[in-house]
Amino acid sequence: WLGRHRLSSRTGARALRMARSRALCGFLERMVPDACRCYSIAVTRALCEFPLSLPRNAFTAREVPRAGDLWRLCQDAATLASIRAGWPPERFRVERVAFIVYKMTMLHDAVTPYGAVLETKTWVSRLRRRTLCTREVRIQHRGMQVAAATQEWVHVDFDTLKPKQATEEAAAAFPAVDVEPSVAMPAYEPSPGGADELRFQMWQTAADPLAHANHPAYVDWCDEATSRHMDAAGIDPVLLRPIAETVTYRSAVLPGEEVEVRTERVGVLGSTAVVLRHSIETGRGPAAEAVTVRGLLDGSAEPLIAAWL
């Protein structure tokens, strides 16, 4: 989803982005099954720590940070770590390469107040074939874990978006270090239920600097679909509490495209959370698949579970 588009025609530029996206998705489908083949270099300096804070607009009316904004904080941590390693965004452009996210999983542990300084640490836990990279992010406040995330990145050619093996110099800048295991989604009890759909057109002004929807936006869309369903069921959407979510990306979503988010209940965690599966599509086909685990701020999710019967 990256690249400088030098075509004079807007239609031609869009076609180029679509072709790049399809080529990348085909590569990931072939490569991800081989993800167990990796190497690690125990380098203590590879662990970076930053004091970060969430902006005011990241909080709901109940003073709870939205899941998508914690994903954005993780993105900031990854960018800062890359800068510290000698690879700021400008260097990626000069070298004509990039890293893009193809999967991310986050677990939420505690609510943080606005203005809190969040001790955020990040490191690369796996580097495979100098192409696929797993990055870990942990967010704490006063020693208490707020959230934990695992990001999966792929190294690509900047102009063609085709996966490209990084140079040895680049690989050396992002050594893998064994700190703690990657996060995983919680196990749940299968409990199929109702479904709902949300359709919208991606705003032109919502595109990121790379001219497509930034990856945390997909979490926003899933929670918006859930919140609208809650509202229709008579549940105040501001009570929604994030517990865990994972998104696997298939294709870019471009400004002006029609987007459909189909949400269905697939399971429960006792009476404390509902598990929802989201299929995100555009007119070109699947854009992402997501699973969100959501509860209510009072700790019981029974009304939320019942809303998806």
Side-chain angles (χ1 to χ4, degrees), residues 1 17-18 21 25 54-55 57-61 64-76 100-108 147 149 151-152 185 193-233 235-267 273-296 304 307-308:
W1 299 271
R17 291 196 297 268
M18 293 177 182
S21 179
C25 291
L54 290 167
N57 60 9
F59 291 79
T60 71
V64 175
R66 297 179 183 86
D69 288 294
L70 283 165
W71 281 48
R72 292 179 179 91
L73 186 137
C74 290
Q75 185 177 27
D76 289 344
I100 59 175
V101 175
Y102 69 86
K103 184 177 181 180
M104 180 167 161
T105 302
M106 174 175 278
L107 305 181
H108 302 265
Q151 303 168 323
E152 304 288 353
M185 291 289 285
D196 205 348
E197 294 180 354
L198 169 65
R199 292 185 176 89
F200 63 95
Q201 187 179 63
M202 183 181 156
W203 292 8
Q204 295 290 338
T205 54
D208 67 7
L210 301 171
H212 61 257
N214 198 232
H215 68 271
Y218 293 63
V219 178
D220 296 336
W221 300 340
C222 293
D223 280 344
E224 178 66 17
T226 302
S227 296
R228 293 193 185 193
H229 190 86
M230 292 171 63
D231 184 59
I235 306 171
D236 188 351
V238 80
L239 295 175
L240 188 67
R241 178 173 66 95
I243 296 173
E245 63 272 339
T246 185
V247 182
T248 300
Y249 299 90
R250 304 297 184 191
S251 176
V253 174
L254 308 177
E257 283 196 304
E258 296 290 335
V259 182
E260 177 182 304
V261 182
R262 177 175 174 79
T263 301
E264 60 181 329
R265 192 184 80 185
V266 295
V274 66
V275 183
L276 302 171
R277 180 169 59 211
H278 312 267
S279 299
I280 303 172
E281 297 187 0
T282 67
R284 296 178 288 110
E289 294 88 40
V291 174
T292 61
V293 182
R294 295 294 185 261
L296 297 177
L304 187 58
W308 292 92

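Just so you know, residue 1 is the first one in the sequence shown, and it goes up from there. Keep in mind that what you see is a predicted model, and the values were worked out from it rather than measured.
- In this structure, the side chains of R199 and V259 stay at 4.5 Å or more apart for every pair of heavy atoms.
- In summary, R262 and E281 do not engage in a salt bridge, as defined by a charged side-chain N under 4.0 Å from a carboxylate O.
- The nearest pair of heavy atoms linking G295 to L304 is O-CD2, 4.0 Å.
- Residues R265 and V275 fail the side-chain proximity criterion, which asks for heavy atoms closer than 4.5 Å.
- Between T263 and R277, every side-chain heavy-atom pair lies at or beyond the 4.5 Å cut-off.
- For T282 against A287, the heavy-atom pair with the smallest separation is CG2-CB, 4.4 Å.
- The side-chain heavy atoms of M106 and T246, taken from C-beta on, include no pair separated by under 4.5 Å.
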Criterion side-chain contact (heavy atoms from CB on, under 4.5 Å) on L240 and T226, from CA distance to verdict: CA-CA 9 Å; L240 188 67; T226 302; 4.1 Å; yes
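- Salt bridge present: R72 and D69 bring a charged side-chain N and a carboxylate O closer than 4.0 Å.
- Side chains of V253 and M202 form a contact here, defined as non-hydrogen atoms less than 4.5 Å apart.
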message: Applying salt bridge (Lys or Arg N to Asp or Glu O under 4.0 Å) to D223 and R294, what does each step give before you reach the verdict?
response: CA-CA 9 Å; D223 280 344; R294 295 294 185 261; 2.9 Å; yes
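- Of all heavy-atom pairs spanning A67 and V219, the tightest one is CB-CG1, 3.9 Å.
- Looking only at atom types and distance, the side chain of E245 has a donor-acceptor partner in the side chain of H108 under 3.5 Å away.
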- prompt: Can L296 and M230 be said to form a side-chain contact (heavy atoms from CB on, under 4.5 Å), step by step?
  reply: CA-CA 11 Å; L296 297 177; M230 292 171 63; 3.9 Å; yes
Test side-chain contact (heavy atoms from CB on, under 4.5 Å) applied to S279 and E260, step by step: CA-CA 8 Å; S279 299; E260 177 182 304; over 6 Å; no
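- For an aromatic pair to be called close, the ring centres must be under 6.0 Å apart, and W221 with F200 satisfies this.
- The nearest pair of heavy atoms linking A288 to Y249 is CB-CA, 4.2 Å.
- Taking the side chain as every heavy atom from C-beta outward, K103 and T105 approach each other to under 4.5 Å.
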- request: Start with the C-alpha gap between H215 and M104, add the side-chain angles, then the distance that decides, and say whether side-chain contact (heavy atoms from CB on, under 4.5 Å) holds.
  value: CA-CA 9 Å; H215 68 271; M104 180 167 161; 4.1 Å; yes
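- Expressed to the nearest 0.5 Å, how far CD of E289 lies from CD1 of I280 amounts to 8.5 Å.
- Counting heavy atoms from C-beta on, the side chains of T248 and Y102 never come closer than 4.5 Å.
- The minimum heavy-atom distance linking A211 with L254 is given by the pair O-CD2, 4.1 Å.
- When all heavy atoms are compared, the tightest approach of P242 to P65 is CG-O, 4.4 Å.
- Side-chain N or O atoms of H229 include one that pairs as donor or acceptor with a backbone N or O of A307 at under 3.5 Å.
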